[in-house]
Amino acid sequence: MAIIETKNLTYTYPGATKPSIVDVSIKVEKGEFVLITGPSGCGKTTLCRCFNGLVPHFYQGELKGEISVSGIDTLKHHTYEMAKHVGLVFQNPENQLFALSIEKDVAFGLENMGVPREEMRRKVDWALNQTGIYDIRERSPHEISGGQQQRVAIASVLAMEPEVIVLDEPTSFLDPLSAEKIFEVIHKLNREQGITVILVEHRLDLTAKYANHLIVMDQGMVRFEGDPKEILSSEETRLIGVGIPKATLLYQMLRKDGLNLGDSTPLSSEELAEQLLEELTPE
């Protein structure tokens with residue numbers, strides 16, 4: 001059974017003249033790494049808010065269609081109940097951090113749920129170790145770098161042990177190197193812990209290689225869904241305004257020029273380099 005499923009999901013914010021998402025029907029399987037992309041204002045963030053019940057319980061408005069997460073109808077369960085199943089990491093980590101120490105920030109959700117002290121200690125330490133910030137746990141979240149703050153935000157969500165983590169452009173305030181480190185952390189959690197990851201991101205150069213399921217949105221609708229290599233190879237995807245990875249574009253140009261690089265479309269420079277090496281190395 002899919003861990004997230006939507007059927008004909010349409011949502012309009014209060015006072016808006018047209019819906020933000022229209023007729024969205026998608027399935028996300030347990031353990032997938034899903035990448036959602038598309039032009040600015042295409043409905044990506046709104047869709048993410050549906051996964052943990054912020055839409056419609058917090059934002060109100062009109063929601064039509066069906067959505068279930070871990071077999072739970074989010075329309076009938078409030079956001080605090082959904083937090084046990086879905087963790088949401090925002091664009092700006094400062095919006096999620098407010099305690100005097102990193103450790104206290106990571107423990108906040110567990111305290112609210114009344115988790116016993118021993119168990120809380122174990123979960124917090126595990127989350128801090130997973131995100132590589134255990135050594136700085138006693139520092140204030142407001143005197144560390146943006147990349148470290150984003151790790152704290154991820155650790156805060158991780159400590160709750162959700163089945164799904166949704167990250168809405170979590171590195172938009174970071175330089176490419178810091179962003180890459182965050183994506184590595186997320187990929188590791190997906191690979192080693194089996195956590196289902198839904199990542200909203202426009203920087204596909206950095207993220208496409210991690211995904212095994214791609215959703216391309218435009219004007220509130222899902223235009224393409226499926227295998228990232230197939231979708232990012234198509235001309236229609238580029239015309240929507242999706243930033244195709246440079247390695248993919250270069251591969252297409254080299255193939256047009258007659259270079260035999262195999263049929264597997266590379267999504268990263270590492271993949272393309274391997275294919276070039278195979279082609280150019282004499283047998």
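Numbering starts at 1 and runs along the sequence shown. Keep in mind that this is a model prediction, so the values were computed, not measured.
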Practice task
Could you check if a side-chain atom of Tyr251 sits within less than 4.5 angstrom of a side-chain atom of Leu261, using non-hydrogen atoms only?
Solution key: yes
Problem - Polar contact flag, side-chain donor to acceptor under 3.5 angstrom, His213-Glu29 - result: no
Exercise for the section: Write out all pairs satisfying salt bridge (charged side-chain N to carboxylate O under 4.0 Å, His left out) with one or both partners inside residues 51-71, taking only residues at least two apart or from two chains. Expected result: Glu62-Lys64
Completion exercise
Between Ala247 and Ser269 the two heavy atoms that sit nearest each other are CB-N, 3.7 Å
Exercise for the section: Could you walk me through whether Leu250 and Lys246 pass side chain to side chain contact (heavy atoms under 4.5 Å, CB included), step by step? Expected result: CA-CA 6 Å; Leu250 183 53; Lys246 294 180 187 69; over 6 Å; no
Exercise for the section: Could you walk me through whether Thr265 and Ser233 pass side chain to side chain donor-acceptor pair (under 3.5 Å), step by step? Expected result: CA-CA 7 Å; Thr265 304; Ser233 302; 3.0 Å; yes
Handout entry: Ile26/Glu225 under side chain to side chain contact (heavy atoms under 4.5 Å, CB included): CA gap, chis, key distance, verdict
Key = CA-CA 8 Å; Ile26 58 166; Glu225 184 188 7; 3.7 Å; yes
Handout entry: Shared hydrophobic cluster, Val28 / Ile195 (ILVMFWY, side-chain heavy atoms < 4.5 Å)
Key = no
Problem - Positive for side-chain contact (heavy atoms from CB on, under 4.5 Å) with Gln150, one of Leu97, Val185, Ile182, Leu167 - result: Ile182
Handout entry: Of all pairs that satisfy side-chain hydrogen bond (donor to acceptor under 3.5 Å, both in side chains), the ones with a partner from residues 70-91, not counting sequence neighbours
Key = Ser70-Glu163, His85-Glu163
Handout entry: Non-hydrogen side-chain atoms of Phe224 and Glu236 separated by less than 4.5 Å
Key = yes
Handout entry: Check: Ser156 side chain, Val152 main-chain N or O, donor-acceptor pair, under 3.5 Å
Key = yes
Exercise for the section: May I ask you to decide whether Lys229 forms a salt bridge with Asp263, counting only side-chain N to carboxylate O separations under 4.0 Å? Expected result: no
Exercise for the section: Apply salt bridge (Lys or Arg N to Asp or Glu O under 4.0 Å) to Asp135 and list each qualifying residue two or more places apart in sequence or on a separate chain. Expected result: none
Exercise for the section: Would you check if Leu189 and Ile154 make a side-chain contact, meaning some heavy-atom pair closer than 4.5 Å? Expected result: yes
Exercise for the section: Mark yes or no for whether Ser145, through its side chain, and Gln148, through its backbone, hold a donor-acceptor pair below 3.5 Å. Expected result: yes
Handout entry: Partners passing side-chain contact (heavy atoms from CB on, under 4.5 Å) against Ser101 (at least two apart in sequence or in another chain)
Key = Glu103, Lys104
Exercise for the section: Count the heavy atoms belonging to other residues, nucleotides or ligands that lie under 6.0 Å from CG of Leu100, then report whether that count exceeds 12. Expected result: no
Fill in the blank from the handout: The salt bridge (Lys or Arg N to Asp or Glu O under 4.0 Å) partners of Asp125 (sequence neighbours excluded) come to Arg121
Practice task
If a pair satisfies ring pair (Phe, Tyr, Trp, His ring centres under 6.0 Å) and one of its residues is in residues 104-155, list it, with sequence neighbours excluded.
Solution key: Phe98-Phe108
Problem - hydrophobic_cluster_shared for Val166 and Val197, side chain cutoff 4.5 Å - result: no
Practice task
Could you pull out the closest heavy-atom pair between Ser264 and Gln275, with the gap in Å?
Solution key: O-NE2, 2.8 Å
Problem - Salt bridge present between Lys188 and Glu184 (N-O < 4.0 angstrom) - result: no
Handout entry: Heavy-atom pair of closest approach, residues Asp105 and Pro141
Key = OD2-CG, 3.3 Å
Handout entry: Any donor-acceptor N/O pair, Glu5 side chain to Ala2 backbone, under 3.5 Å
Key = no
Practice task
Check whether any side-chain heavy atom of Leu267 sits under 4.5 Å from a side-chain heavy atom of Thr207, and report yes or no.
Solution key: no
Problem - Donor-acceptor contact present, side-chain Asn212 to main-chain Glu32, <3.5 Å - result: no
Handout entry: Path from Val157 to Ile102 over hydrophobic side-chain contacts below 4.5 Å
Key = no
Completion exercise
With sequence neighbours left out, the residues meeting side chain to side chain donor-acceptor pair (under 3.5 Å) with Asn260 are none
Practice task
Using salt bridge (Lys or Arg N to Asp or Glu O under 4.0 Å) as the criterion, list what pairs up with Arg223, not counting sequence neighbours.
Solution key: Asp218
Exercise for the section: Report yes if some heavy atom in the side chain of Gln193 is under 4.5 Å from a heavy atom in the side chain of Gln130; otherwise report no. Expected result: yes
Completion exercise
For Arg139, the salt bridge (Lys or Arg N to Asp or Glu O under 4.0 Å) test, sequence neighbours excluded, returns Glu143
Exercise for the section: Could you pull out all residues at least two apart from Ala155 that satisfy side-chain contact (heavy atoms from CB on, under 4.5 Å)? Expected result: Val106, Ala127, Thr131, Ile133
Exercise for the section: Mind listing the closest non-hydrogen atom pair of Leu206 and Ala179 along with its distance? Expected result: CD1-CB, 4.0 Å
Exercise for the section: Output yes when a side-chain donor or acceptor of Gln60 lies under 3.5 Å from a complementary backbone atom of His57, and no otherwise. Expected result: yes
Practice task
Answer whether the closest heavy-atom distance between the side chains of Leu75 and Leu63 falls below 4.5 Å.
Solution key: yes
Practice task
Give the cluster check for Leu204 versus Phe33: same hydrophobic cluster or not, with ILVMFWY residues linked at side-chain heavy-atom distances below 4.5 Å.
Solution key: yes
Practice task
Mind listing the closest non-hydrogen atom pair of Gly87 and Pro162 along with its distance?
Solution key: N-CB, 3.7 Å
Practice task
Taking only Lys NZ, Arg NE, NH1 and NH2, and the carboxylate oxygens of Asp or Glu, determine whether Lys209 and Glu271 approach each other closer than 4.0 Å.
Solution key: no
Handout entry: Side chain Thr196, main chain Gly31, donor-acceptor under 3.5 Å
Key = yes
Handout entry: Main-chain N/O of Ser20 paired with Gln219 side-chain donor or acceptor, under 3.5 Å
Key = no
Handout entry: Pairwise side-chain contact, Ser25 with Asn8, heavy-atom cut-off 4.5 Å (strictly under)
Key = yes
Exercise for the section: Answer yes or no: is there a donor N or O on one side and an acceptor on the other, between the side chain of Arg255 and the main chain of Gly262, under 3.5 Å? Expected result: yes
Exercise for the section: Group every Ile, Leu, Val, Met, Phe, Trp and Tyr by side-chain heavy-atom contacts under 4.5 Å, then state whether Leu35 and Leu47 land in the same group. Expected result: no
Practice task
Sequence neighbours left out, what pairs pass side-chain hydrogen bond (donor to acceptor under 3.5 Å, both in side chains) with at least one residue falling in residues 33-49?
Solution key: Tyr13-Thr46, Tyr13-Arg49, Thr45-Asp168, Arg49-Tyr59
Handout entry: Partners meeting side-chain contact (heavy atoms from CB on, under 4.5 Å) with Phe90 (sequence neighbours left out)
Key = Leu88, Gln96
Handout entry: Residue pair Lys123, Glu119: steps toward the salt bridge (Lys or Arg N to Asp or Glu O under 4.0 Å) verdict
Key = CA-CA 6 Å; Lys123 289 183 175 186; Glu119 194 185 339; 3.1 Å; yes
Practice task
With side chain to side chain contact (heavy atoms under 4.5 Å, CB included) as the test, would you mind laying out the steps for Met160 and Met113 before giving the verdict?
Solution key: CA-CA 9 Å; Met160 309 275 285; Met113 286 165 65; 3.3 Å; yes
Problem - N/O donor-acceptor pair under 3.5 Å between Thr10 side chain and Asp23 backbone - result: yes
Problem - Beyond-backbone contact of Phe51 with Ile67, side-chain heavy atoms, under 4.5 angstrom - result: yes
Practice task
Decide side chain to side chain contact (heavy atoms under 4.5 Å, CB included) for Leu199 and Ile36; before the verdict, give the C-alpha distance in whole Å, the side-chain angles of both, and the deciding distance to 0.1 Å.
Solution key: CA-CA 6 Å; Leu199 174 65; Ile36 303 179; over 6 Å; no
Handout entry: Residue Glu192 excluded, over 12 heavy atoms near CD under 6.0 Å
Key = yes
